[in-house]
Amino acid sequence: MSDHVDFSGAEFRGPVIGKAEYRQQAPAPTATNALPPRTAGFTGRDEELARLREALNPVAGPATPQAVLVAAVSGLGGVGKTALAVEAAYAARAEGWFPGGVLVVDLHGYDDAPVTADQALQSLLRALGVEPPHIPVLADERAGLYRSLLAERDALLILADNASSPDQVRPLLPGGDRHRVLVTSRDRLSQLGARLVPLEQLTPEAAYALLDRALRIADPGDHRIPDGAEAAARLAGLCGHLPLALQIAAALLAEDPDRTVAELAGELGASYDRLAVLDDGDRSVRATFDLSYRRLPEPQARLLRLLALAPGPEVSEEVAAVLVDARTPPLRDLAALARAHLVHRGSERGRWRSHDLVRAFAVGVTDTEAGLRKEGEAARLRVMDFYAWTAFAADCRLRWTPGKPEPARFAHTTQALAWLDGERPGLVAATLWGAEEPYAKPSVVLAVSLAEYCDWRRHFDDKIAATSVAQEAARRIGDRQIEAGLGLNLGNALQMVGRTEEAIEACTRARDAFRSVGDRLSEAMAWNNLGICRQRTDRVDEAIEAHSRACRLFQDVGDRKYEAVTWSHLGLALAGAGRLEEAMDAHIRARDLSRAVGYRRYEGGAWSNLGITLWRQGRSAAAIEAFTEAMKVHEEYEDWYRMGQALGNLAHAHLSLGDLTEARDRLLRAADAYTRAGATAEAAEVRASAEAVNAPATPTGTPAPGAPPGRTAGSGPPGPRPPGAPGSAGR
């Protein structure tokens with residue numbers, strides 16, 4: 001523009017006024033240090049922060065031979081991704097790694113109208129000092145100008161918060177390797193070639209620290225968290241150790257100084273809708289999750305809703321298929337939910353789990369509509385039926401003996417055990433559904449089918465919980481015989497956990513009920529279990545009488561399998577009374593009968609009990625042979641608890657012969673077996689015995705440290721199957 005106006009040659013008719021306007025071109029403002037404030041109470045992310053610092057460090061060391069241009073923090077909504085990214089940006093700026101500054105853009109990826117890449121570029125160009133009229137209209141030209149400006153500047157950090165897709169981020173990547181991009185997302189953006197930093201909920205310790213720190217920021221004299229440490233730990237657990245939920249809980253406490261931590265924890269624990277409590281008026285866990293949920297395609301949304309209804313803390317892919325009523329597992333939808341951090345892999349491959357609060361959110365969604373509630377009820381019934389029939393098939397395999405029809409579902413005992421082991425928490429939780437009327441009948445079948453397995457694996461608490469609910473369900477159904485059978489199973493489990501008087505009461509009621517309906521087989525089982533209980537209370541003569549009655553009844557009805565079991569228990573009672581020769585005869589009959597009917601698993605118990613009696617007779621060499629035979633059977637059936645018992649008994653026998661080396665080896669192997677069985681107390685006890693064997697003062701030929709060989713862990717036979725139970729082949 002010229003600084004003067006040329007009026008030469010103009011014709012003027014009257015006065016003329018000249019007006020001049022001068023403009024001074026100033027540089028547009030920039031926003032290259034726009035980091036938001038740090039999150040108050042930030043804690044518990046040392047490992048993730050270290051990974052981000054390594055990724056953002058412009059000097060690549062031996063551990064990072066190639067520059068990391070993009071680092072992506074991903075995780076569930078409310079898990080603290082933005083707080084971590086901001087903390088990492090402050091740390092990087094303090095190190096002087098980005099003298100050009102920090103650019104920040106919120107992509108609002110989970111809002112109804114996410115920021116597009118073009119809009120983000122416009123925002124970043126303005127932050128770099130480009131005036132709006134000079135920002136190109138075309139997307140490619142905007143991206144080109146953006147990269148050109150970055151090429152002229154010192155190292156910058158670009159923080160792209162809340163991205164929902166790689167397409168939002170790709171145009172924001174710089175052209176060279178001088179700058180860094182830090183992205184946060186609820187999705188795992190692996191397509192960006194980024195250093196991936198997944199973020200999970202806090203540890204219990206870090207969650208506790210966050211609560212304490214947040215309250216002390218509001219009031220340095222607030223000691224409610226340390227003063228109520230146990231309640232604080234419970235509150236943190238009810239918040240799922242999720243930072244957003246914890247911050248809301250801290251805010252609720254801070255605004256009411258008279259409210260105790262225990263009161264808030266009690267309110268959360270008692271509330272039917274925890275997410276309604278986790279809302280401080282400004283922040284809401286439910287609203288945060290809803291942003292992710294509303295972006296899901298319907299098949300994924302449906303899967304998330306139904307997964308939340310599954311029993312147990314984890315869901316196998318097989319059960320996921322049942323939930324959605326599909327022939328094959330919904331693997332693509334599971335993977336998509338995992339990328340969105342709405343589910344994650346469970347304890348092993350093929351199993352999935354959700355955060356507790358996500359499950360609560362999904363259940364809440366189902367409860368909002370009648371159609372969704374109907375969908376959920378149908379899915380639960382499918383799972384219950386699937387569990388009942390498959391557990392029955394597994395039980396048939398566990399109980400199978402040669403000569404009986406082969407169970408179809410599981411080809412071998414190890415397969416049945418593996419399935420039951422994997423599904424156990426869900427199976428037990430599903431049985432507890434029997435308190436609700438639609439699930440009463442399958443709950444009964446499921447509880448009966450789990451009884452033998454719980455004895456194998458010594459999950460007696462699970463057996464008590466499941467059987468108690470199923471027995472009440474059978475009472476509501478009105479089938480007295482099924483109710484009595486479950487009562488017998490309950491008595492069996494009660495005596496195994498030392499609740500002997502309760503066990504006697506349960507078995508006595510069951511015996512009387514069986515006698516009243518003329519079920520002599522089941523009455524015999526009840527007598528045998530009563531004998532076991534009476535042995536535990538040192539009423540040996542009464543135990544001998546009860547086992548003898550059971551033997552006669554089993555002989556009368558022709559059940560040689562359970563006759564073998566009862567002979568073994570009778571032998572233990574006789575030995576307890578000092579009648580060792582009679583005990584020997586009983587154990588030999590138990591062993592031979594077990595072998596004759598192909599009851600291989602119980603043959604191992606008979607060998608163990610025979611070995612105990614031989615040892616008490618002073619026949620240690622013969623006892624060693626018996627315990628060795630028992631070990632073969634227990635290993636074959638992966639019965640690690642009884643393997644531990646047999647090894648411990650074998651160690652005692654070796655000690656009685658003065659063989660300390662063999663004894664110590666067997667004790668250490670017994671500890672390993674007990675550990676595999678989850679019996680930590682027994683494992684510790686035999687390890688202590690092994691150390692005592694090492695002591696120089698242990699005299700050759702003395703008994704082993706601790707008690708002499710004891711009875712095998714064989715429990716009484718379970719209660720009868722309910723009449724008409726499906727697939728009775730295998731009994």
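Quick note: residue numbers are just sequence positions, from 1.
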* Spacing of CG belonging to Leu307 relative to CG belonging to Leu334, to within rounding of 0.5 Å -> 6.0 Å

* State plainly whether the residues Arg619 and Glu625 are in salt-bridge range, i.e. N to O under 4.0 Å. => no

* Asked: Is any NZ, NE, NH1 or NH2 atom of the basic residue among Arg600 and Glu603 found under 4.0 Å from an Asp or Glu carboxylate oxygen of the other?
  -> yes

* From Lys404 atom NZ to Cys396 atom SG, the distance as rounded to the nearest 0.5 Å -> 10.5 Å

* **Asp512 vs Thr508 side-chain heavy atoms within contact, under 4.5 Å** => yes

* Verdict with supporting geometry, Glu563 and Leu593, side chain to side chain contact (heavy atoms under 4.5 Å, CB included) -> CA-CA 8 Å; Glu563 181 190 347; Leu593 263 177; 3.6 Å; yes

* Asked: How far apart are the C-alpha atoms of Glu662 and Arg666, what are their side-chain angles, what is the distance that settles it, and do they pass the salt bridge (Lys or Arg N to Asp or Glu O under 4.0 Å) test?
  -> CA-CA 6 Å; Glu662 287 291 332; Arg666 298 302 185 273; 2.8 Å; yes

* To do: Test side chain to side chain contact (heavy atoms under 4.5 Å, CB included) on Leu574 and Thr613 and set out the steps.
  => CA-CA 10 Å; Leu574 289 166; Thr613 305; over 6 Å; no

* To do: Evaluate the side-chain proximity of Leu488 to Ser522: yes if any heavy-atom separation is below 4.5 Å, no if none is.
  => no

* Taking NZ, NE, NH1 and NH2 as the nitrogens, is one of them in Arg509 or Glu505 under 4.0 Å from a carboxylate oxygen of the other? -> yes

* Mind checking the CG-CD1 spacing from Leu580 to Ile612? Nearest 0.5 Å is all I need. => 12.0 Å

* Is there a side-chain hydrogen bond (donor to acceptor under 3.5 Å, both in side chains) between Asp519 and Gln481 once you walk through the steps? -> CA-CA 9 Å; Asp519 185 347; Gln481 191 167 7; 2.5 Å; yes

* Apply the test side-chain hydrogen bond (donor to acceptor under 3.5 Å, both in side chains) to residues Ser608 and Gln645: give CA-CA distance (whole Å), side-chain angles for both, the deciding distance (0.1 Å), then the verdict. => CA-CA 8 Å; Ser608 274; Gln645 286 187 314; over 6 Å; no

* Asked: Which class fits the ring pair Tyr562 and Tyr599: parallel under 30°, tilted 30 to 60°, perpendicular over 60°?
  -> perpendicular

* Asked: Is there a donor in the side chain of Gln535 and an acceptor in the side chain of His547, or the other way round, less than 3.5 Å apart?
  -> yes

* Asked: Can we say Arg475 and Glu472 salt-bridge, meaning some charged N sits less than 4.0 Å from an Asp/Glu carboxylate O?
  -> yes

* **Side-chain donor-acceptor contact under 3.5 Å, Ser568 with Asn609** => yes

* Flag side-chain contact, heavy atom, 4.5 Å: Trp607 against His587 -> no

* Go through the side-chain N and O atoms of Gln617 and Glu581 and say whether any donor and acceptor fall under 3.5 Å apart. => yes

* Check against side chain to side chain contact (heavy atoms under 4.5 Å, CB included), Phe514 and Arg480 -> CA-CA 9 Å; Phe514 292 135; Arg480 188 179 179 192; over 6 Å; no

* For the residue pair His569 and Tyr602, categorise the inter-ring angle as parallel (less than 30°), tilted (30 to 60°) or perpendicular (more than 60°). => tilted

* Asked: Atom CG in Leu417, atom CG in Leu398: separation rounded to 0.5 Å?
  -> 5.0 Å

* Just how far is it from atom CZ of Arg424 to atom CG of Asp462, taken to the nearest 0.5 Å? -> 5.0 Å

* To do: Without swapping roles, check the side chain of Trp419 against the backbone of Glu423 for a donor-acceptor pair under 3.5 Å.
  => no

* **Lys/Arg-Asp/Glu bridge criterion (N-O < 4.0 Å) met for Glu437, Arg476** => yes

* Report the residue from Lys463, Arg397, Arg457, Arg601 that forms a salt bridge (charged side-chain N to carboxylate O under 4.0 Å, His left out) with Glu452. => Arg601

* **CA sep, side-chain torsions, deciding dist, call: Arg642, Asp639, salt bridge (Lys or Arg N to Asp or Glu O under 4.0 Å)** => CA-CA 6 Å; Arg642 291 182 177 87; Asp639 194 341; 2.9 Å; yes

* **Side chain proximity check, Asp461 to Val497, heavy atoms < 4.5 angstrom** => yes

* To do: Determine the minimum heavy-atom distance between Ala435 and Val469, stating which atoms define it.
  => N-CG1, 3.7 Å

* To do: Could you tell me whether the side chains of Glu638 and Thr414 share a donor-acceptor contact shorter than 3.5 Å?
  => no

* Ionic contact status for Arg380 with Glu377, cut-off 4.0 Å -> no

* To do: May I ask you to test the Arg664-Arg669 pair for a side-chain heavy-atom distance under 4.5 Å?
  => no

* **Atom CD of Glu635: over 12 foreign heavy atoms under 6.0 Å** => no

* Asked: Salt bridge between Lys632 and Glu636, side-chain N to carboxylate O under 4.0 Å?
  -> no

* **Side-chain touch Arg353/Arg345, heavy atoms, less than 4.5 angstrom** => no

* To do: Please check if the side chain of Arg511 supplies one atom and the backbone of Glu523 the other of a donor-acceptor pair under 3.5 Å.
  => no

* Taking the side chain as every heavy atom from C-beta outward, state whether Arg687 and Leu667 have any atom pair closer than 4.5 Å. => no

* Structure fact -> Applied to residues 567-578, the salt bridge (Lys or Arg N to Asp or Glu O under 4.0 Å) test, sequence neighbours excluded, yields none

* Candidate pair Leu655 and Val693, rule side chain to side chain contact (heavy atoms under 4.5 Å, CB included), full reasoning -> CA-CA 9 Å; Leu655 272 176; Val693 169; 4.0 Å; yes

* To do: For the residue pair Thr413 and Trp456, establish whether any side-chain heavy-atom pair is separated by less than 4.5 Å.
  => yes

* Is a side-chain donor or acceptor of Arg359 paired with a backbone partner of Ser354 at a separation under 3.5 angstrom? -> no

* **Ser516 side chain vs Ala513 backbone, donor-acceptor pair below 3.5 Å** => yes

* Under 3.5 Å, is there a donor-acceptor pair between the Trp352 and Glu317 side chains? -> yes

* Asked: Are Ser443 and Thr431 close enough that a side-chain donor and a side-chain acceptor fall under 3.5 Å?
  -> no

* Structure fact -> Interatomic distance, CD@Glu318 vs CZ@Arg351, rounded to 0.5 Å, equals 9.5 Å

* To do: Look at the aromatic rings of Tyr674 and Tyr641 and report parallel, tilted or perpendicular, splitting at 30° and 60°.
  => perpendicular

* To do: Among Ile504, Asn529, Ile464, find the residue that satisfies the side chain to side chain contact (heavy atoms under 4.5 Å, CB included) test when tested with Leu494.
  => Ile464

* Quick one: sort the Trp433 and Tyr439 rings into parallel, tilted or perpendicular, breaks at 30° and 60°. => tilted

* May I ask you to decide if Arg534's main-chain N or O and Thr537's side chain share a donor-acceptor pair within less than 3.5 Å? => yes

* Structure fact -> Leu570 and Ser548 have their tightest heavy-atom pair at CD1-OG, 3.9 Å

